[in-house]
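What follows is a single structure, written as structure tokens, with notes after it.
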Amino acid sequence: MVDLQAVLDSIYKELTPRIGEGKVADYIPELAKIDPNQFGMAVVTVDGKIYRAGDADVPFSIQSISKVFMLTLALGKVGEGLWKRVGREPSGSAFNSIVQLEHEHGIPRNPFINAGAIAVTDVVMAGHAPREAIGELLRFVRYLADDESVTIDEKVARSETLTGYRNFALANFMRAYKNIDHPVEHVLGVYFHQCALSMSCEQLARAGLFLAARGSNPMTGHSVVSPKRARRINALMLTCGHYDGSGDFAYHVGLPGKSGVGGGIFAVAPGVASIAAWSPGLNKVGNSQLGAVALEMLATRTGWSVFGD
Ligand code: GLN
């Protein structure tokens with residue numbers, strides 16, 4: 001077994017001169033204020049050991065990484081019936097693309113592009129007031145991370161509510177196709193709050209550990225999903241987790257992963273560890289520039305890959 005702390009230390013040291021690369025997401029005004037000169041990484045192994053580097057304890061806006069947790073809740077509620085509402089194919093287009101939705105009659109390609117995630121949120125809201133659905137997600141993530149201090153950044157949620165025109169367009173479009181059951185403002189209220197979950201790399205890696213460990217969190221003993229469901233969520237992250245950068249991420253990193261425009265990337269080495277990397281500067285397709293580089297270095301140095309040794 002490689003010395004994971006030494007690997008993380010070397011990655012941090014080598015990337016330090018590059019911290020600040022990329023461009024912070026500025027289409028959400030509150031995210032535009034984030035200092036780009038930050039980098040953190042955390043690895044939690046299935047035997048419960050935690051390794052950290054850099055700003056691993058600094059909370060950041062997890063944005064689209066939250067779609068993995070909402071998807072897990074939705075599958076728990078409606079099971080495979082979810083796939084009537086959303087597809088399972090990579091989109092090959094931007095996370096907020098509108099044009100594809102019309103071609104496909106309001107059924108989004110996958111649960112990780114914005115349209116798909118909004119439909120998934122609508123599913124989780126069934127039988128709940130919006131506030132209750134937000135509470136359910138927050139409780140779920142705190143339970144997964146085993147950390148009651150995880151919060152939602154209200155300022156980020158408000159900022160996106162005021163400027164999320166494209167998301168309103170996507171949701172209205174799907175409502176026209178009857179693929180959204182609740183009022184659009186309610187669904188997006190929940191969606192913007194889920195995206196505004198604020199978590200550190202360590203909290204994120206802990207929360208996602210069940211996906212590396214056959215659906216159960218070995219640190220808490222909590223059984224979250226079946227092994228089969230964990231595999232399937234990982235399959236979706238691998239094929240769709242980085243939008244039209246998914247092929248590139250599979251090629252360079254070789255692990256299922258999910259990115260967010262807050263600069264976070266969550267990744268899974270099945271049977272071995274869960275990983276979170278964060279640096280706010282993004283590349284052209286909206287994924288953390290240094291986060292992806294750091295994960296590639298980690299995968300290379302540990303030999304972790306779902307494609308072979
Ligand atoms: N809240 C963001 C949005 O809807 C999430 C996008 C992302 O992280 N890729 O635009």
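Note that ligands are numbered from 1 as they come in the structure, with each ligand's atoms numbered from 1 the same way. Keep in mind that what you see is a predicted model, and the values were worked out from it rather than measured. Values below: all heavy atoms of this structure, side chains included; hydrogens, waters and symmetry mates excluded.
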For Asn96, is the nearest heavy atom under 4.0 Å from an atom of ligand 1?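 So Asn96 does not count as touching ligand 1.
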Can Phe192 be said to touch ligand 1, with heavy atoms closer than 4.0 Å?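 No, that is not the case, since the closest heavy atom of the residue is not under 4.0 Å from the ligand.
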Consider every N or O of Ser259 and every N or O of ligand 1, then say whether any pair is closer than 3.5 Å.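 No.
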Can you find a pair of side-chain heavy atoms, one from Glu296 and one from Val253, that are under 4.5 Å apart?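 Yes; the side chains approach each other to less than 4.5 Å.
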Can you tell whether the side chains of Arg85 and Asp181 come within less than 4.0 Å, N to carboxylate O?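 Between Asp181 and Arg85 there is a salt bridge, with a charged N closer than 4.0 Å to a carboxylate O.
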Check: His242 main-chain N/O paired with Ser259 side-chain donor or acceptor under 3.5 Å: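 Side chain of Ser259 to backbone of His242: no pair is present.
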Side chain Asp147, main chain Arg142, donor-acceptor under 3.5 Å: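 Judged by distance alone, no pair lies under 3.5 Å.
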CA sep, side-chain torsions, deciding dist, call: Tyr191, Asn114, side chain to side chain donor-acceptor pair (under 3.5 Å): CA-CA 9 Å; Tyr191 173 77; Asn114 284 11; 3.2 Å; yes
In ligand 1, which numbered atoms sit nearer than 4.0 Å to a non-hydrogen atom of [X]?
X      : answer
Asn167 : 3 (C), 4 (O), 10 (O)
Gly260 : 8 (O)
Cys195 : 1 (N)
Asn114 : 3 (C), 4 (O), 6 (C), 10 (O)
Tyr243 : 7 (C), 9 (N)

Can you tell me the protein heavy atom closest to [atom] and the distance?
atom                    : answer
atom 1 (N) of ligand 1  : Gln63 OE1, 2.5 Å
atom 10 (O) of ligand 1 : Tyr27 OH, 2.5 Å
atom 5 (C) of ligand 1  : Ser64 OG, 3.2 Å
atom 3 (C) of ligand 1  : Glu160 OE2, 3.0 Å

With side-chain contact (heavy atoms from CB on, under 4.5 Å) as the test, pick out the partner of Tyr12 among Asp55, Val7, Ile19.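 Only one option passes, and that is Ile19.
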Just one of Leu298, Val268, Ile275 clears the side-chain contact (heavy atoms from CB on, under 4.5 Å) bar with Leu255, so which one?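 Testing each of Leu298, Val268, Ile275 against Leu255, the sole residue satisfying side-chain contact (heavy atoms from CB on, under 4.5 Å) is Ile275.
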ILVMFWY network linking Tyr243 to Val24, side-chain heavy atoms under 4.5 angstrom: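 Different hydrophobic clusters.
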Does the side chain to side chain donor-acceptor pair (under 3.5 Å) test come out yes or no for His222 and Asn217, once each step is laid out? CA-CA 5 Å; His222 296 152; Asn217 184 330; 5.8 Å; no
For ligand 1, indicate whether the residue Val261 contacts it via side chain, backbone, both or neither (heavy-atom separation under 4.0 Å).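 Both backbone and side chain.
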